[in-house]
Each structure stands twice: as C-alpha cells, then as structure tokens.
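All heavy atoms count here, side chains included; hydrogens, waters and symmetry mates do not. Read the numbers this way: they start at 1 and go in the same order the structure lists the ligands and their atoms. Treat the numbers as computed from the prediction; the structure is a model and nothing was measured. The chain is numbered in sequence order, starting from 1.
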Amino acid sequence: MVSERAAQVLVASNRGPVTYAFREDGTLDARRGGGGLVSGLSAIGTDADALWVCAALGDGDREAVRRGVAEPGVRMLDIDATVHADAYNGIANSVLWFVHHMLYQTPLEPVFDAQFRRQWDAYRTYNRAFADALAAESAPGAVVMIQDYHLALAPGMLRELRPDLRIGHFSHTPWAPPEYFRMLPDDVAEELVRGMLGADRLGFLTWRWASAFMQCAGNVAEDGRIVSSAPDDPRPRIRHSPTGESAFRTTLVGVHGLGAEAGFLRRRSHELDVEERMVALRDQVGGEGDRKTIVRVDRTELSKNIVRGLLAFRTLLDERPEWRERVVHVAFAYPSRQDLPVYRDYTAEVARLSEEINAQYGTPGWTPVVLHVKDDFARSLAAYRIADVALVNPIRDGMNLVAKEIPVVSDAGCALVLSREAGAYEELGDEAIVVNPYDVTGTAAALHQALTMPDGERAERTKRLAAAATALPPQQWFLEQLHALEALGEGGEEADDLGRT
Ligand code: F6P
C-alpha cells in the first residue's frame with residue numbers, strides 16, 4: 001500500500017544521514033552525519049517531498065524506530081539484527097567489497113559454502129525490506145536513487161513492485177573486472193547484475209568502473225539476453241530481458257565523478273577548532289617549522305593501503321638518510337568495520353608498524369610517524385592545511401575524496417602522491433605524482449620527488465588540482481543524476497540524453 005504522504009524523490013542507503021545514541025538519562029540524541037550524499041540531497045531544499053530510507057544500525061537507532069522517534073525526511077528500517085549483520089558484514093563488506101576492491105588472498109579465499117548461501121538469503125531479505133519500504137513510500141512516477149553495493153538487488157525488487165517509478169542506482173565503489181567478478185557463484189553473479197539492471201539508470205564514479213560493470217553484465221548471462229553497448233557509445237546502455245520473455249528493457253549508464261565542496265571546506269577549515277589543532281599538530285611535528293609533513297587521512301580500510309604507505313615511508317628513511325629528522329609522516333587512520341576480525345587485525349598492524357618505525361628511527365626530538373586513530377574532522381582539516389605532501393595510495397578506490405579535499409584546503413600548496421588505482425586518478429592524475437600502490441620502492445621514490453618539488457611548482461599544481469577536484473560539487477553531482485532520471489518517462493521509457501558527463 002502506498003503511504004498517504006508519498007514522496008517524489010527518495011534516496012536509499014544502508015547508512016543514513018542520522019544516528020541515535022543513548023544519553024545517560026535514557027533519552028535519544030540524534031547526530032547528523034556529513035558526506036557527499038547528505039550535501040547533495042540538500043540541493044533540492046527542505047520543502048521538497050524527499051525521503052531518505054536507511055537501515056537502523058546500532059541499538060540507539062533501533063530504539064528510535066521502536067519509540068517512533070524520527071528526523072523529518074528520514075525513515076529508518078528496523079531490519080532484524082541477525083539479517084542485517086549477515087547482509088552487511090557477511091555479504092556487503094566481506095564479499096562484495098572484497099570482490100570490487102580485489103582484496104582476496106585467492107589461494108585460500110573466497111570459499112562459497114553453506115554459510116555464504118545463508119548470508120546470501122539474508123542479503124536478499126535485507127534488500128527486500130528496502131524495496132518494500134520504497135514501494136510503500138513513493139508517489140506515482142517518483143524518482144528513487146538507490147546507493148551502493150549493499151543494495152544491488154533492491155532496484156530489481158522495486159521494479160517488480162512499482163514499475164511506474166524511475167529508479168537509479170549509484171555505485172560509490174569500483175566495479176570488479178569480469179575475471180574477478182566471475183569468482184562469485186554464477187547464479188549469484190547473474191542475480192546481482194539483474195538486480196542492478198532493475199534500475200533505469202546506473203551511475204558510477206568513473207568510466208573505468210562503468211565499463212567494468214558493462215563487461216560483467218554482458219558476461220553473466222550465457223544466452224545473450226543481456227547485451228551491453230560499447231562503453232564509448234555516446235549513450236552507453238545495456239539491453240536485457242529475463243529468460244523466457246521476449247521483451248527487452250534498456251538500462252542507461254552514466255558517470256558522475258563526485259567532487260569536493262570548496263565553499264564548505266574552506267570555511268570550515270578556518271574555524272577556531274581547526275586553528276587550535278594546527279597548533280597542536282605543529283607541536284607534534286616539531287623541528288621549529290623546518291620539518292616537512294607527509295599526510296594521509298583514511299578510514300582504516302583494507303583497500304586504503306596504509307601499511308604499504310608506512311613501508312614506503314620507512315624505505316624513504318632507509319634509503320635517503322638526509323630525510324631523517326626532517327620529515328614526519330602524519331597518519332590518521334580512523335577505525336572502520338571493527339566487527340570484522342580482518343579489519344581489527346589490519347588496524348593493529350598499522351599501529352604495530354608505526355611503533356616499529358618510531359622505535360627504529362625516532363630520536364628524542366623527532367617522532368617519525370604521528371599516528372592518530374580517533375576520528376576528528378577538525379584535526380583532519382588541520383592536517384590538510386599544513387601538509388607538504390599528501391599520500392593517497394589505495395589498492396583500489398571508487399574515488400577517494402581525501403585526494404580532492406587536500407588541494408582545496410592546503411595553505412601553501414601540497415604535492416599529491418596518488419595511486420593510479422584510485423578513481424580520482426582519472427581527474428587528478430595529470431597534476432599528481434602517480435604510483436603503483438603495490439610498489440613500495442616506487443612509492444618511496446615518489447615521496448622523495450614530492451618532498452623536493454619546488455615551492456612554486458607545488459603551489460601551481462595545487463591550484464590545478466583544486467580546480468579539477470571541485471569540477472562537480474556534491475549538489476551538482478546529485479542534481480545531474482536526479483535530472484537524468486526525471487527526464488525519463490514513467491517506468492523509465494525515454495532515453496536519457498545526458499550520456500557522458
Ligand atoms: O566509500 C564507499 C562507500 O561505499 C560509501 O558510499 C559508504 O558510505 C561506505 O563506503 C560504507 O561504509 P560503512 O561500511 O562504514 O557504512
């Protein structure tokens with residue numbers, strides 16, 4: 001049944017824009033989060049009939065749903081905790097994330113066994129809960145924008161319930177190349193692709209990820225019932241029909257390279273708390289202003305490659321003794337997905353290696369690695385402002401917004417050492433010092449090159465990096481997708497003329 005207050009624009013994602021925590025007196029404290037999607041959605045204003053559907057994640061969120069506490073424009077789904085854990089930790093984070101970021105140590109993993117099948121069922125149930133809620137909350141012909149690998153089946157499920165809707169799906173991650181994607185059991189690979197193809201339009205952060213999806217789609221159905229156009233077609237699309245049906249539908253493919261929000265970042269990075277943290281950080285770096293800084297800011301996420309970054313820094317100190325006492329690696333590694341043992345082990349390895357480097361090289365007046373693990377946005381901005389070099393070396397990354405934010409905020413210019421496997425490489429590669437993220441020796445050489453870049457060149461490159469980084473700010477990123485979906489007739493019949501963006 002469609003709700004009486006049906007929305008015209010809906011966003012769906014696992015993590016929503018608000019979380020609830022218990023206060024000491026048992027009441028609930030709502031905290032609003034940030035990020036590209038929150039900022040993007042603000043483009044349509046608070047008066048619009050918009051609704052964000054998300055999952056209740058912690059006990060506070062679940063209690064909020066039970067007490068009927070809700071922020072305007074947000075609907076949290078209280079999905080059974082075991083189903084959510086199996087879908088989120090079991091499938092989304094331990095399988096799909098690993099596939100798209102190519103993280104498996106393949107001699108031993110993945111193993112698709114009975115446990116995987118049970119979790120896959122949970123993933124279906126979780127996607128179904130979203131599809132049901134979206135179907136109930138959407139006005140006739142509404143636009144629904146579904147986010148990420150958590151919700152790859154929801155577009156197909158929603159289309160069955162509400163063929164009148166205009167459904168988009170956006171991937172914030174890379175997409176796996178076909179050889180890697182085919183590690184998934186065949187039926188699961190096809191179900192994922194067909195789930196996504198329930199959308200009228202699929203969005204990706206770069207053409208590299210979009211074409212990987214198109215190749216996977218063309219590959220999973222052996223009977224030729226899913227056909228991708230060439231990715232360089234002026235209007236990339238995929239034609240598909242379910243087995244046993246003769247009618248084909250078309251799903252369009254578009255690319256929207258989410259950029260940094262210059263105004264907000266520049267304003268926020270000059271607030272008092274940031275200035276205070278700059279003083280504290282400079283104090284930790286020491287050297288009376290003569291020391292250089294190599295800054296990295298990441299969630300402690302397996303694909304971010306923090307450990308090889310530390311190894312590269314150690315190689316720099318090994319091979320170029322002239323840098324000892326003259327440079328500090330400021331590494332912010334904020335814990336993420338700590339329910340998963342492999343993430344906890346990785347976090348511990350980052351701390352262990354930092355300590356080892358400090359023990360090996362540190363002197364009474366110099367701590368080579370300054371590691372912070374407590375998430376502090378103001379301190380991240382402070383580090384952005386003082387960075388001489390930014391190290392962004394992921395194994396694979398959908399975009400990497402840190403690479404885009406640092407040049408925008410940097411005070412005196414910052415040389416960017418950037419992995420060619422980050423989505424941001426497509427837009428920033430020309431002005432960055434580009435590295436193969438597995439090549440520790442090469443990364444150490446790139447750090448040296450960055451540290452010795454002349455000030456004038458660094459400042460000029462930073463300007464050009466900032467211009468490229470802000471080409472598509474979050475609000476425009478969101479509106480581009482919204483307008484492309486609105487341009488479709490009900491049920492997605494008309495072609496989108498956005499093509500390449
Ligand atoms: O960075 C890619 C991304 O998929 C984001 O879109 C999303 O917010 C995040 O990863 C998911 O992280 P988490 O598991 O912490 O919610």
Checklist entry - Among all protein non-hydrogen atoms, which one is nearest to atom 1 (O) of ligand 1, and what is the separation to 0.1 Å? => result Arg299 NH2, 3.8 Å

Checklist entry - Looking at Trp175, is Arg208 sitting on its ring face, NZ or CZ under 6.0 Å from the six-membered ring centre and within 45 degrees of the normal? => result no

Checklist entry - Which protein heavy atom lies closest to atom 16 (O) of ligand 1, and at what distance to 0.1 Å? => result Arg15 NE, 2.7 Å

Next on the checklist: Any donor-acceptor pair under 3.5 Å linking the side-chain atoms of Thr206 with those of Tyr425?
Outcome noted: no

Checklist entry - Is Asn14 close to ligand 1, meaning an N/O of one under 3.5 Å from an N/O of the other? => result no

Next on the checklist: With the threshold set strictly below 4.0 angstrom, can you tell me whether any protein non-hydrogen atom sits that near atom 12 (O) of ligand 1?
Outcome noted: yes

Checklist entry - Can a cation-pi geometry be assigned to Arg379 and Phe332, taking NZ or CZ under 6.0 Å from the six-membered ring centre and within 45° of the ring axis? => result yes

Item to check | Closest protein heavy atom (residue, atom, distance) for atom 2 (C) of ligand 1 | outcome: His172 O, 3.9 Å

Checklist entry - So Tyr104 and Phe98, would you call those rings parallel, tilted or perpendicular, with 30° and 60° as cut-offs? => result tilted

Item to check | Heavy-atom nearest neighbour in the protein, as seen from atom 14 (O) of ligand 1, with distance rounded to 0.1 Å | outcome: Tyr88 OH, 2.5 Å

Checklist entry - Does Gln147 come within less than 4.0 angstrom of ligand 1, counting non-hydrogen atoms of the residue? => result no

Checklist entry - Can you find a side-chain donor-acceptor pair between Gln475 and Ser42 that sits under 3.5 Å? => result yes

Checklist entry - Just checking, any donor-acceptor pair under 3.5 angstrom between side chains of Asp397 and His101? => result no

Item to check | Ligand-side contact atoms (ligand 1) for residue partner Tyr149, heavy atom cut-off under 4.0 Å | outcome: 4 (O), 11 (C)

Checklist entry - Is ligand 1 under 4.0 Å from a heavy atom in the side chain of Trp97, in the backbone, in both, or in neither? => result side chain

Next on the checklist: If you take the nearest heavy atom of each of Leu37, Asn89, Asp148, which one is closest to atom 5 (C) of ligand 1?
Outcome noted: Asp148

Checklist entry - Under 3.5 Å, is there a donor-acceptor pair linking the side chains of Trp120 and Glu191? => result yes

